[in-house]
Amino acid sequence: MIIHNRIQELKKQLNIAKSNGKTIGFVPTMGALHAGHIELVKRSKLENDITVCSIFVNPTQFNDLSDLEKYPRTLEKDSQLLEAVNCDFVFAPEVTEMYTEQELELKRQHIEDKSWTNGLTVDFGILDKVMEGAHRPGHFNGVAQVVSKLFRIVEPDKAYFGQKDFQQLAIIRSMTAQLKIPIEIIGCPIVRETDGLAMSSRNVRLTEKERAVAPLIYKTLSAVKENADTLPVSALKSMAMEMIAQEPLMQLEYFEISDAATLAPIDSLTQSKSAVACIALKLGAVRLIDNVLLK
Ligand code: PAF
C-alpha cells in the first residue's frame with residue numbers, strides 16, 4: 001500500500017495503472033475508519049483492480065468550527081486498517097493541497113451562511129434543503145465541492161459511499177448526474193454494532209454513559225419500521241419522538257419520513273414507491289444520524 005499526500009504523485013501512479021487497462025475503485029473518507037469504511041474498501045477490492053481510499057477531513061463541509069477541530073484524526077491507525085485489507089493507495093492530502101487560500105477564505109466568511117457557493121453549477125433542488133441541509137447550512141455544498149475535486153483527481157470507474165449518510169448519497173448521485181461525471185456511484189448498506197448502533201467515526205467521542213444509551217436510536221427506527229404497515233405517518237413520527245424524549249441524554253434534531261428518491265417529506269407511505277425514516281440527534285456533545293428504509 002502506498003500513501004500519497006500530493007495530487008500529482010497519486011495521479012502519476014493511477015495513470016500508469018489506467019494505461020495498463022486497470023479499473024479503479026474509490027472510497028472517499030474523512031478517516032477515523034471503522035468497520036463500515038472497511039466494508040466499502042472490501043467491496044471496491046472485489047469489483048476493481050485497484051482501490052484508492054482518501055483520508056481528508058474536509059473543512060468546507062463543517063459549519064461548526066469546534067466540530068471540525070474535534071473531528072478524530074487517526075491516520076496511523078487508519079493506514080494499518082487499510083493495509084490489512086490490501087488497499088492499494090491512500091490519498092491523505094493537506095488542506096493546502098486541496099484548496100486555494102481564496103476558497104478557504106470564502107468559506108470562512110460564510111461559515112453559517114446558506115449563500116456560500118462552492119463554484120459548482122449544480123442545483124440540488126430540495127435535496128440540500130431538508131433534514132441535514134436545513135440543520136447544517138452549507139454542509140452539502142462543502143461535500144459536493146470536495147467530492148467533485150476528489151473525483152477529478154482520482155477519476156475512478158466506481159465510487160463507494162455508505163447509506164448511513166443517506167442524504168449525502170442522494171446529493172452525490174445528483175451532482176454526478178448533473179455534471180455528467182462518468183463514475184458509477186455505489187451505495188453500500190449501513191454497518192451496525194451488535195447492539196444496533198450505526199458505525200460512525202463520531203462514536204468514539206461518546207462517554208461510557210452516552211454509549212450505553214445510544215442503541216435507542218436504532219431501537220426507535222426499528223419500532224417505526226415494524227409499525228409502518230399499520231400506523232399512519234403522523235403516528236409513526238409521534239412514536240419516534242416520544243421514544244427519544246424518554247432519554248434525557250438525547251436531544252432530537254429531527255425525525256422525518258421521506259420519499260427515498262426525492263427526500264421530500266411524505267404524509268402517507270402510499271405516496272411513494274420507496275420511503276425512508278431519517279433521524280438526527282445530539283447525544284451529549286456528539287451529533288449522530290441514522291436511517292432505515294421503510295419500503
Ligand atoms: O462521508 C464522508 O466521510 C464525507 O462526507 C466525504 C464523502 C468523504 C466528503 O468529505
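Start at 1 and go down the list; that is how both ligands and their atoms are numbered. These values consider heavy atoms only, across backbone and side chains, with no hydrogens, waters or symmetry-generated copies. Note that the structure is predicted; figures quoted are calculated from it, not measured.
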Output for pair (I172 CD1, F151 CZ), nearest 0.5 Å, gives 6.0 Å
Can you see whether E105 engages Q109 through a side-chain donor-acceptor pair at a distance of less than 3.5 angstrom? yes
Notebook entry, point to check: Strictly by modelled atom types, are N48 and Y160 linked by a side-chain donor-acceptor pair under 3.5 Å?
Noted result: yes
For ligand 1, which atoms sit closer than 4.0 Å to a heavy atom of [X]?
{"X": "Q168", "result": "1 (O), 2 (C), 4 (C), 5 (O), 7 (C)"}
{"X": "Q61", "result": "4 (C), 5 (O), 9 (C), 10 (O)"}
{"X": "V146", "result": "9 (C), 10 (O)"}

(message) Between ligand 1 and T29, is the shortest N or O to N or O distance under 3.5 Å?
(response) no
Please check whether N58 reaches ligand 1 - meaning an N/O of the residue sits under 3.5 Å from an N/O of the ligand, judged on distance alone. no
Parallel, tilted or perpendicular, judged at 30° and 60°: which one describes the rings of H135 and Y254?
tilted
Short version for I172: what comes under 4.0 Å of ligand 1, heavy atoms counted, is neither
Charged N to carboxylate O below 4.0 Å: is that the case for R43 and E39?
no
